[in-house]
Novice: 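Questions regarding the structure given below will be posed in turn.
Nothing here was measured: the structure is a model prediction, and the numbers come from that model. Keep in mind that the numbers below use all heavy atoms, side chains included, and drop hydrogens, waters and symmetry copies.
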Amino acid sequence: MSPLYSIHRRILFSLFRNKTCLRCLIKHIPTCCLFSQADYYFQYTECDSTGSRWRVAIPLNPGECSGLPEPVQGTDCTFSCKAGEFLEMSAQECTQCASGTYSLGSGLRLDEWDDIPPGFSSLATSPDNAPNGQNASTCSSAKWVAQGSYLESNRDECTVSLIYTVHLKKPGSVSFDYQYVDNSIFFEFFIQNDQCQEMDQDSNKKWIKLTTHGEWGTHSVNLNSGTNILYWRTTRVTLGSKAVKPVLLKNIRIEGVAYTSECFPCKPGMFSRTPGSSSCEPCPRDTYSGRGASSCTPCNTKTHYASEGSAMCKSRPPCSKKDYIQTYSTCDKDGKTQVIYKWVEPQICLAAAAGAVTLPPSGQREPCPPCNPGFYNNGTATCSPCPPGTYSDGVKACQPCPAGTEPVLGYEYKWWNVLPANMKTSCFNVANNNCDGLNGWEVAGDHVQSGAGRSDNDYLILTLTVPGFKLPVSVRGASDSEYGRITFEFDTSCSADCEFYFMTVSVSTNVIESWEGSKSKQSYTHIMTEDSSVALTWAFQRTSQVRQYVNDMVKIYSVTVTNAMDGVASACRACALQSQQAGSSCVPCPAGHYIDKKTNQCQECPPNTVLSGHHIYGKEACQPCGPGSKSNKEHSVCFSDCLFTYTHQNRTLQYDFSALTSAGSIMNGPSFTAKGTKYYHLFNISLCGAEGHKSAVCRDNVTNLPNEDAEGGQLGSSVEAFLCQSTIIPSDGRGLRTALSSQSISLADTFQGATVEKSLNGISTRPELFPSASERIPDVHFFYRSTQFTTSCPRGRNAVVSLRCNPEKTMRGDLSVPSECPAGTCDGCTFHFLWESSSACPRCTAVDYHAIEGACKAGVQDTVFVWTEPRLCTGGLTLPPKRTSPCEAVDFWLKVGAGLGAFCAILLVSLTCYFWKKNKKLEYKYSKLVMSANKECELPAADSCAIMEGEGDENEEEVVVYANKSSLLAKLKAVATKVS
C-alpha cells in the first residue's frame with residue numbers, strides 16, 4: 001500500500017460525514033460551484049501512529065461544489081497555543097484572542113449553567129437492596145440540575161452520576177469548584193478510560209472533602225492522554241428528617257486538549273477589555289454586559305441597579321421595612337449612644353418612590369453600656385483591654401491581681417455596641433461567592449444579630465479568631481485534655497426553614513452543632529481539646545427562597561472563651577505559690593495536685609480521685625472516682641483495671657474482665673432509610689480502655705479526609721472514645737466499589753463506674769431490655785457518659801454495657817443490642833449493650849465445688865472434687881486433685897456398734913419374755929383365788945394383793961432350782977427377780 005493511498009484514505013475518512021464532498025470527489029463532477037472561504041472550515045484528521053495529521057477543508061453547506069483547498073500537512077498532534085491564543089487554521093499559527101473573548105490555549109472552561117451543556121449526561125440508579133426486593137422509589141427523574149451559575153445535585157436518595165468524556169492529546173488535568181456541606185451525602189469524583197476501567201487514584205482525590213458553609217472549594221486531578229471519562233457521583237443516605245444541602249458544582253476547567261481553533265466569548269455579565277485574555281472579569285456593581293462584551297455598560301442609578309456580574313439592569317423597588325436595619329451609634333465623648341436606623345448597603349430601593357417607607361427617627365440618647373469584662377474606658381468613649389496582670393469587670397478601672405493570685409484570661413463579650421476587634425462579619429452566596437460586601441451581622445446593644453443579606457439563601461457569617469490557648473500557671477502541669485471552653489447564649493426566630501450553624505475552622509472545617517427553625521433562648525458549650533489556632537464561626541441561612549423572610553434572624557447575647565492566648569482578665573484566681581514568703585511568685589502545680597487553701601501550696605489529691613477540669617483550688621476539687629474504678633497517676637481520669645469485686649450474703653465475688661480488654665465490635669441491622677437504602681450501625685466498645693486512654697476508634701473512609709500520615713497512608717477522619725458509632729453503607733447496595741463508613745460519633749468519653757446496681761450518676765439501666773436467666777450471679781454494669789452536648793441530648797449521651805455470666809460462651813463472648821431498640825438506643829441519648837461471656841463470670845472459689853467419696857475397694861478409698869452445676873465461675877481456684885486414703889473392709893467401730901446393737905436386742909427380748917411369764921403367773925394366782933371364793937359362795941375381802949407368807953414357797957424353790965442353771969437366760973431372770 002503506497003503512502004499516497006494512505007493519505008487519501010485518511011482524508012476520505014475525515015470527510016465521510018459530508019455527502020456533497022464525497023460525491024464531488026467520487027463522481028469527478030466538473031461543474032460544481034466554487035467554494036468561497038466562508039463556505040468551509042478547516043479541521044485536522046485523526047493522528048496516525050507517527051503523531052502526524054493533515055489539515056482538510058470541510059464545507060458548511062451541502063451542495064455539489066468544487067474548489068476546496070487541497071489537504072496540507074498539519075501541525076504536530078501535541079501542538080497547542082498559550083492561554084489567550086487560538087490556532088488560526090488557515091495559516092496554522094497561534095493568534096491572540098480579540099477583546100470580549102478568551103482562550104485557555106490547550107484547555108476549555110465550562111462556566112455557564114443555564115442548562116446542561118452538550119457532552120454531559122446523567123446516570124441515575126435506585127437502591128437495589130430495599131426490603132422485600134421492592135425499591136422505595138424510582139430514580140428515572142433524578143439528575144443534576146442547572147441553576148444558572150452552578151449545577152446542583154439531586155436531593156433524593158438516588159445515586160446520580162454526572163458524566164463527561166474528554167479526549168486529550170497530551171497529559172492534562174481537570175479542576176472544578178464545588179460546595180459540599182452535608183455529610184449525609186457521599187460525594188466522589190473518579191475517572192475511567194475507554195475500557196470502563198477506573199484510573200488509579202488516591203482516596204483523597206476520589207472522595208471530596210467537606211467545605212465550610214457558603215464557601216467554595218477547589219478539587220484538581222491529573223489526567224492521562226487519551227480518552228478520559230469523568231464521573232461526579234453523589235449518594236445520599238438520610239437517617240433523619242434534616243433538610244438536605246445538595247452538592248453544588250461550577251467552573252469546570254480541563255487542560256490537555258489538542259488545540260483551540262477559536263476563542264470563547266465572555267458570557268453575559270462578564271467582559272475582557274484587552275486582547276489575548278485567558279479569562280473574563282465580572283462587571284462591577286451597577287453595570288451590565290451582554291455576551292462577548294469588551295466593556296460594561298453603566299445603569300441609570302437613579303432608577304435602576306445591578307449587582308456584580310449582572311447581564312441586565314433591574315428597576316429599583318420602593319423602599320420597605322426590609323430595606324433598613326436598627327443599630328446603635330458609637331459612644332460619643334459624653335458616653336452617650338442612641339438607636340439609629342440605616343438603609344441596608346448597598347441601597348437598592350427608592351425612598352422617593354410612591355408607597356415607599358422612610359427611615360424611622362433615631363432614638364433618645366442614653367448612657368452607653370459598660371465595657372465588656374476585661375476592658376475599661378478610662379473616661380473615654382472607647383473601651384481598651386486591661387494591661388497584663390490586671391483585671392476589670394468592665395465598669396471599674398483595671399486593677400492588679402492581689403498577691404497569690406493570677407488573672408483569668410479569656411473573652412467575655414456581652415455588650416455589643418461595637419463589634420470586638422477579633423471578630424469579623426461577612427456574607428456568602430452560593431452563586432456569587434459573596435453578598436456584595438454586605439455585613440452579615442449587626443450589633444444591637446445587648447446582642448449581635450444576623451443582618452439582612454442580599455437574598456434569603458445567603459450565609460451570614462460571624463467569625464471569632466482565637467490564636468491559641470494559654471492555661472493558667474497553676475494547671476500547666478496538668479494532663480487534662482481540656483484547653484478551653486466556648487460558651488454562647490442565643491435564640492432564633494424563624495417563620496421558614498432557617499438553619500443556624502456553629503463550626504470550628506482549623507486544619508479542616510468541623511460543624512460542631514446546628515439548629516433548625518425557631519429556638520428559645522439557650523446556652524451551648526463546646527470544649528476545646530487541642531491547643532491550636534482556631535476560627536470559631538457562626539453561620540445563619542434563612543431559607544432557599546429569595547428575599548422573603550428578611551425578618552427571620554438569630555441573636556447571640558453573649559460569647560465566652562476561656563484560656564484564650566490573647567485574652568483579657570475579668571477576675572483573678574488563687575494560684576500555687578513557690579513559698580509562703582511575701583512576694584512569692586505563682587508556680588504550676590504538678591499533675592494531680594490541688595492548691596491548699598491555707599498554705600497556697602500544691603498538695604496531691606487523695607488516691608482514686610480526679611481533678612475536675614481546671615478548678616484546682618481546695619481539696620474539694622479532687623472528685624472521687626465512681627465504684628469499680630480508680631484514677632491514674634496524674635489524677636486526670638478514672639478508669640477500670642478490668643477487675644471487679646462484689647460482696648453479697650457473706651459471699652465475695654471477684655471478677656476478672658481482662659479477656660475483654662481489647663475493643664469489641666457489633667454491627668446491627670440492616671436498617672433501611674425511607675427511600676430504601678440499606679445501612680448498618682457499627683459500634684466499637686473499649687470496656688476498660690488503657691488506663692483511661694480510650695482505645696475504641698471509629699473512622700470515616702469518605703468525608704473530611706485529613707492529610708496523609710507519615711507512611712503515606714490515608715488515616716481518614718476518626719473518633720476515639722470508650723464507645724463510638726459509625727454508619728456503614730455496604731458496597732453491594734449502591735453500585736459502590738467499597739463499603740462507606742461515615743458519620744462517626746462518640747457515645748462515651750468518660751467512665752462513670754462499674755456496679756451491679758441499676759443506676760449510677762443519673763444513668764439508668766433497663767433490665768427489661770435484657771431479661772436475665774440467672775439470679776445467682778448478677779450482671780455487672782459499666783456506665784459511661786459523653787461530655788459533648790447536642791440539641792437532641794442536652795445532657796449529653798450515655799451508655800451502659802451490661803456484662804453477663806454465660807459459661808457456654810467463649811472468653812470474648814458476644815455483644816448484642818436490645819431487640820426492642822435495634823439501633824442500641826430507645827431514646828437516642830442512652831445506649832444499651834449486653835456482653836455475654838464466660839469471662840463475665842466471677843472467679844471460682846471453694847464454694848463452687850464439692851467432694852464425692854468413692855467406695856472402699858481393696859482397703860483404698862478415692863475422693864474426687866467436682867464443680868457445682870450449673871458452673872457459674874471461671875478462673876480463680878482450680879479443682880483439687882483426686883485424694884486417695886486407706887480403709888478396712890468392716891470398720892472397728894462398725895463392729896462395736898453391731899455388737900452393742902445385738903446385745904441390746906437380746907436384752908430387750910429377754911426382759912420382754914420374763915415380764916410376760918411373770919404376768920401369766922399373777923393371772924393364774926388371781927384366777928385361783930377367784931375359784932376358791934366361789935366354792936364358799938362368798939368372796940372373801942382381800943386385804944392385800946401381795947402374796948401371803950408361805951404362799952410362794954413352792955414357787956421360790958422353783959425359782960431357786962431354775963436359777964441354779966448355768967444358762968444366760970437363768971442368770972438374767974435371777975437378776976430381774978432381785979431387782980423386783
Novice: Out of curiosity, L464 CG to Y413 OH, how far, rounded to the nearest 0.5 Å?
Specialist: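 Reported to 0.5 Å precision, the distance equals 6.0 Å.
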Novice: Check side chain to side chain contact (heavy atoms under 4.5 Å, CB included) between N417 and all other residues, then give those that pass, not counting sequence neighbours.
Specialist: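 N417: side chain to side chain contact (heavy atoms under 4.5 Å, CB included) contacts with Y328, C331, T337, P369.
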Novice: Evaluate R365 against D332 for side-chain contact (heavy atoms from CB on, under 4.5 Å), listing each step before the verdict.
Specialist: CA-CA 10 Å; R365 296 176 70 243; D332 57 21; 2.5 Å; yes
Novice: Scan residues 346-363 for pairs that pass side chain to side chain donor-acceptor pair (under 3.5 Å), counting only residues two or more places apart or in two chains.
Specialist: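 Sorted pair list comes back empty.
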Novice: List in chain and number order the residues that pass side-chain hydrogen bond (donor to acceptor under 3.5 Å, both in side chains) with S153, two or more places apart in sequence or in another chain; answer none if no residue qualifies.
Specialist: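 S153 satisfies side-chain hydrogen bond (donor to acceptor under 3.5 Å, both in side chains) with no residue once adjacent residues are dropped.
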Novice: Taking only residues two or more places apart in sequence or in another chain, which ones pass side-chain hydrogen bond (donor to acceptor under 3.5 Å, both in side chains) with Y324?
Specialist: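 Applying side-chain hydrogen bond (donor to acceptor under 3.5 Å, both in side chains) to Y324 gives none.
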Novice: Checking side-chain contact (heavy atoms from CB on, under 4.5 Å) for the pair T382/V418: CA distance, chi angles, key distance, verdict?
Specialist: CA-CA 10 Å; T382 304; V418 294; over 6 Å; no
Novice: Any side-chain heavy-atom pair from W216 and Y150 closer than 4.5 angstrom?
Specialist: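 Side chain of W216 against side chain of Y150, heavy atoms only: contact under 4.5 Å found.
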Novice: For the CE atom on M312, are there more than 12 heavy atoms of other groups (residues, nucleotides or ligands in this structure) within a distance under 6.0 Å?
Specialist: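 Atom CE in M312 is not crowded, with 12 or fewer foreign heavy atoms closer than 6.0 Å.
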Novice: When you compare the side chains of D552 and S495, does any donor N or O come within less than 3.5 Å of an acceptor on the partner?
Specialist: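 Yes, S495 and D552 have a side-chain donor paired with an acceptor closer than 3.5 Å.
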Novice: I'd like to know if the side chain of Q522 pairs up with that of Y524 as donor and acceptor (distance under 3.5 Å, no hydrogens or angles considered).
Specialist: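 Looking only at side-chain atoms, Y524 and Q522 do not form any donor-acceptor pair under 3.5 Å.
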Novice: Determine, stepwise, if the pair C386 / Y391 fulfils side-chain contact (heavy atoms from CB on, under 4.5 Å).
Specialist: CA-CA 6 Å; C386 287; Y391 72 99; 5.9 Å; no
Novice: Among residues at least two apart in sequence or on other chains, which ones pass side-chain hydrogen bond (donor to acceptor under 3.5 Å, both in side chains) with S320?
Specialist: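 With sequence neighbours excluded, S320 shows a side-chain hydrogen bond (donor to acceptor under 3.5 Å, both in side chains) to D323, given in chain and number order.
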Novice: Step by step, would you call E281 with F271 a side-chain contact (heavy atoms from CB on, under 4.5 Å)?
Specialist: CA-CA 5 Å; E281 303 175 30; F271 75 101; 3.9 Å; yes
Novice: Does CZ belonging to R795 count more than 12 external heavy atoms closer than 6.0 Å?
Specialist: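 12 or below, so no.
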Novice: Could I get the full list of side-chain hydrogen bond (donor to acceptor under 3.5 Å, both in side chains) partners for D491, not counting sequence neighbours?
Specialist: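 side-chain hydrogen bond (donor to acceptor under 3.5 Å, both in side chains) check on D491 returns Y557.
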